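Throughout, numbering of the chain's residues begins at 1 and tracks the sequence. It should be emphasised that the depicted structure is a prediction, and the values quoted were computed from it without experimental measurement.
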Amino acid sequence: MSRCWYVTTDDSEARPVEVTEEILAEIGKVRDGASEFFVVEPEPNDDTDFIQASVWTEGVILRKSYVAEVRMPKDDGFSMWRLRTKRFEEIESAVEAYVAGDFEAGPRWVDVTDEMIGDD
């Protein structure tokens, strides 16, 4: 049996999902306009380990844009990364890597750990 993940959207509470394709279908609701955000996490309401994304509407938007954040525990706390993009495929790839345990922040991801330390 595969690992269970919890997916939350603005129109649904955290629900368990085990198959990556199901996770991608759920997060696709943001791309398709059926939801404004999603959160994927190993436990419901886990504020230390998650990937989330939402529609981003700051400034002049010529087409739909998104902001994604990944927060992962470390020995001395956590690290948090942010990506702003117009390409939902970048978010899908990040979710797939996160679920597989292979997420690594690429050059377009911004380290926002220091910004988030005050939120703990």
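- Taking each heavy atom of Phe78 and Thr113 in turn, the nearest pair found is O-CG2, 3.3 Å.
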Return a table of donor-acceptor pairs under 3.5 angstrom between the side chains of residues 92-100 and protein atoms on other chains or two or more places apart.
unit_1, atom_1, unit_2, atom_2, d
Glu92, OE2, Arg31, NH1, 2.8
Ser93, OG, Glu89, O, 3.1
Tyr98, OH, Asp49, O, 3.3
Tyr98, OH, Asp49, OD1, 2.7
Tyr98, OH, Phe50, N, 3.2

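- Note: Glu104 CD to Trp109 CH2 = 12.5 Å, rounded to the nearest 0.5 Å.
- Looking only at side-chain heavy atoms (C-beta outward), Tyr6 and Pro42 stay at 4.5 Å or farther from each other.
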Discussion item. Using the rule given for side chain to side chain contact (heavy atoms under 4.5 Å, CB included), can you reason through Ser54 versus Glu36, listing the C-alpha separation, both sets of side-chain angles and the distance that settles it, and then say yes or no?
Written reply: CA-CA 6 Å; Ser54 63; Glu36 291 290 316; 5.8 Å; no
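- The two residues Arg84 and Val67 come nearest to each other via the heavy atoms CG-CG2, 3.9 Å.
- To the nearest 0.5 Å, atom CD1 of residue Ile51 and atom CD1 of residue Ile27 are 7.5 Å apart.
- Expressed to the nearest 0.5 Å, how far CD1 of Ile91 lies from CD of Gln52 amounts to 11.0 Å.
- Residue Tyr66 forms a ring-ring contact (aromatic ring centres under 6.0 Å, His included) with just one option from Trp56, Phe37, Phe88, and that option is Phe88.
- Contact record, Met80 with Asp111: O-OD1, 3.3 Å, taken as the closest heavy-atom pair.
- A pairwise comparison of heavy atoms in Thr9 and Phe38 identifies CG2-CB, 4.2 Å as the closest pair.
- Proximity of Val55 to Val30: side-chain heavy atoms (C-beta onward) are separated by under 4.5 Å at one or more points.
- Here Thr85 contributes atom OG1 and Arg108 contributes atom CZ; the two are 4.5 Å apart, rounded to the nearest 0.5 Å.
- Residues Cys4 and Glu18 have side chains in contact (heavy-atom distance under 4.5 Å, counting atoms from C-beta outward).
- More than 12 heavy-atom neighbours from other residues, nucleotides or ligands sit within 6.0 angstrom of CG on Asp76.
- A pairwise comparison of heavy atoms in Ser79 and Lys74 identifies CB-CD, 3.8 Å as the closest pair.
- Residues Glu41 and Thr8 form a side-chain contact, since some pair of their non-hydrogen atoms from C-beta on lies under 4.5 Å apart.
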